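Data block below; observations after.
Naming convention: chains lettered A, B, ... in sequence-line order (proteins, then strands); numbering from 1 in each chain. Keep in mind it's a predicted model, so treat the numbers as computed, not measured.
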Amino acid sequence: MAAAGAGRVSAEAGEAPEALGPGPVPCALSVNGREVRIEIEPRVTLLRALRHYSDYTGPKEICDRGACGGCTVLLDGKPVASCMMLALDAQGRPITTVEGLARDGKLHPVQEAFKTCDAYQCGYCTPGMLLSTVALLKENPAPSLDEIKRGLEGNLCRCAAYNHIFDAVQMAAKKMSASPAK
Amino acid sequence: MDLLDLMKSSIRAPGRLVNLLTIDELKGIDVDTSGATIGALATLAEIADHPDLARMFPALALAAGHAATPQVRNVATIGGNILQRPRCWYFRMAQYPCLKKGGDTCFAMDGENKYHAIFENSLCAMVHPSNTAVALLALDAVVRTAGSGEIPIRKFFVTPDQDILRESALAEGELVTQLFIPATGARSHYLEFRERQSFDWALVSAAAAAELEGQTLNNARVVLGSVAPIPWRIDLGEIAATDEALDRAADEAVRGATPLAKNKYKVQLARTAIRRSLRELARATE
């Protein structure tokens with residue numbers, strides 16, 4: 001970043017940038033490796049774009065305020081609350097939803113571990129839990145219990161299946177470090 | 001992100017938005033011997049995970065790491081964090097025409113005020129919601145703007161008495177571009193108390209900073225969060241790093257508190273936050 005940044009911004013403030021909306025504008029998202037082209041009003045959130053303007057219903061709308069983690073997707077490999085960002089800001093950046101975890105009909109090791117450990121009851125928080133876990137294990141392949149809790153602190157499970165979820169994360173960590181995948 | 005939240009709640013309905021995310025000059029973190037220059041668009045995750053910031057300015061890295069959740073920290077910017085609007089539920093509900101929305105009543109005064117201010121609360125009882133602001137104030141940061149240039153952070157936040165409709169000294173259309181934290185060699189620490197272990201707003205937070213010389217803390221200051229409409233700074237000057245002296249300073253600092261009906265507990269939390277954060281500075285001696 002340039003120390004001259006402040007000056008540059010004000011110097012260029014006179015140029016009128018292109019205004020978008022309020023009507024629909026084209027939006028190109030890269031979801032699970034596939035390009036998704038939709039027409040949306042600029043105010044549409046990434047969550048709404050995924051669920052209502054295309055067919056990715058894995059991310060869930062629960063609180064719609066970034067407080068529950070149900071809408072978690074990975075953006076540039078990092079968990080984000082898709083309800084609290086505009087779809088237009090996610091253009092050109094890789095998005096992973098829960099639909100993108102399984103490969104060739106085979107569940108992701110994290111999904112397998114959740115299944116084995118019965119790490120859910122109603123399952124509504126599961127897509128978000130899975131994605132936060134995938135991101136956590138990528139950054140920290142052998143997390144401690146405290147690190148798991150911190151990594152998943154943005155995902156609420158109102159059925160309180162937390163203990164099984166933590167078991168599943170530990171199981172997935174062991175399996176994945178034993179046979180490191182792609 | 002906060003603006004989107006306010007729009008969803010029908011508190012704000014801007015006719016036009018300007019997307020700042022496309023301005024690369026506002027991004028990034030530079031640390032050198034003079035201090036840290038943090039772009040307004042640096043994310044809380046970048047700040048929390050930055051090894052130089054953690055070493056030189058632990059209060060800021062800790063404050064950023066305590067905010068919200070990974071999902072939020074990966075997106076939320078430091079500029080947006082210090083400019084968040086109040087979390088007061090009367091402010092956040094469109095059906096309450098409170099002072100902050102141009103109305104004539106602070107509904108928290110005689111209402112549900114458990115999470116509200118215990119200082120500077122005679123007009124409006126909001127508390128400033130930013131964790132990082134608390135740390136930045138303890139670290140004597142400077143806010144750089146496209147507009148007036150530089151605003152010392154001590155003058156950046158304004159009380160309801162000064163301007164009921166806004167929380168910062170930014171002029172209309174003025175943009176925060178960078179934060180600069182001077183390297184002074186001061187030790188610093190941040191801690192907070194909250195009801196839940198994860199994703200919760202602080203009940204009371206504290207950032208402390210001081211230079212340690214022998215057993216004396218020089219230029220000691222503590223900034224409390226979630227106790228006043230602005231980050232609440234207490235300058236203690238030179239103070240012995242003993243439990244007795246720190247306890248006395250903490251008692252003195254909260255003496256002027258004016259708690260409301262349901263938040264007297266915050267006075268005790270504030271005392272404890274002051275003591276613990278200062279003790280941490282002293283403890284860091286080998």
Under 4.5 Å from any heavy atom of chain B - which part of [X]:
X     : value
A:C83 : both
A:L88 : neither
A:T45 : side chain

What residue in [options] has the most heavy-atom pairs under 4.5 Å with chain B?
options              : result
A:G151, A:A67, A:P42 : A:A67
A:L75, A:D76, A:D64  : A:D64
A:K149, A:K78, A:R65 : A:R65

Considering all heavy atoms of both residues, which atom of B:R166 and which atom of B:R85 are nearest to each other, and what is their separation?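 So the two residues come closest at CA-NH2, 4.4 Å.
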Give me the atom names and distance for the closest heavy-atom approach of A:I62 to A:G70.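 Here A:I62 and A:G70 meet closest at CD1-CA, 3.9 Å.
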Find the one option among B:R73, B:R16, B:Q197, B:M7 whose heavy-atom pairs under 4.5 Å with chain A are most numerous.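 Of the candidates given, the most pairs with chain A belong to B:R73.
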Can [X] and [Y] be counted as an ion pair, charged N to O under 4.0 angstrom?
X      : Y      : value
B:K114 : B:E195 : yes
B:R12  : B:D2   : no
A:R150 : A:E153 : yes
B:E167 : B:K100 : yes

Which region of B:A68, side chain (C-beta onward) or backbone (N, CA, C, O), has a non-hydrogen atom less than 4.5 Å from a non-hydrogen atom of chain A, or is it both or neither?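 Contact with chain A: backbone only.
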With a 4.5 angstrom heavy-atom cut-off, is it the side chain or the backbone of B:S9 that approaches chain A, or both, or neither?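 Both the backbone and the side chain of B:S9 come within 4.5 Å of chain A.
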Is a side-chain N or O of B:T132 found less than 3.5 angstrom from the main chain of B:I78, in a donor-acceptor match?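 No; zero donor-acceptor contacts below 3.5 Å.
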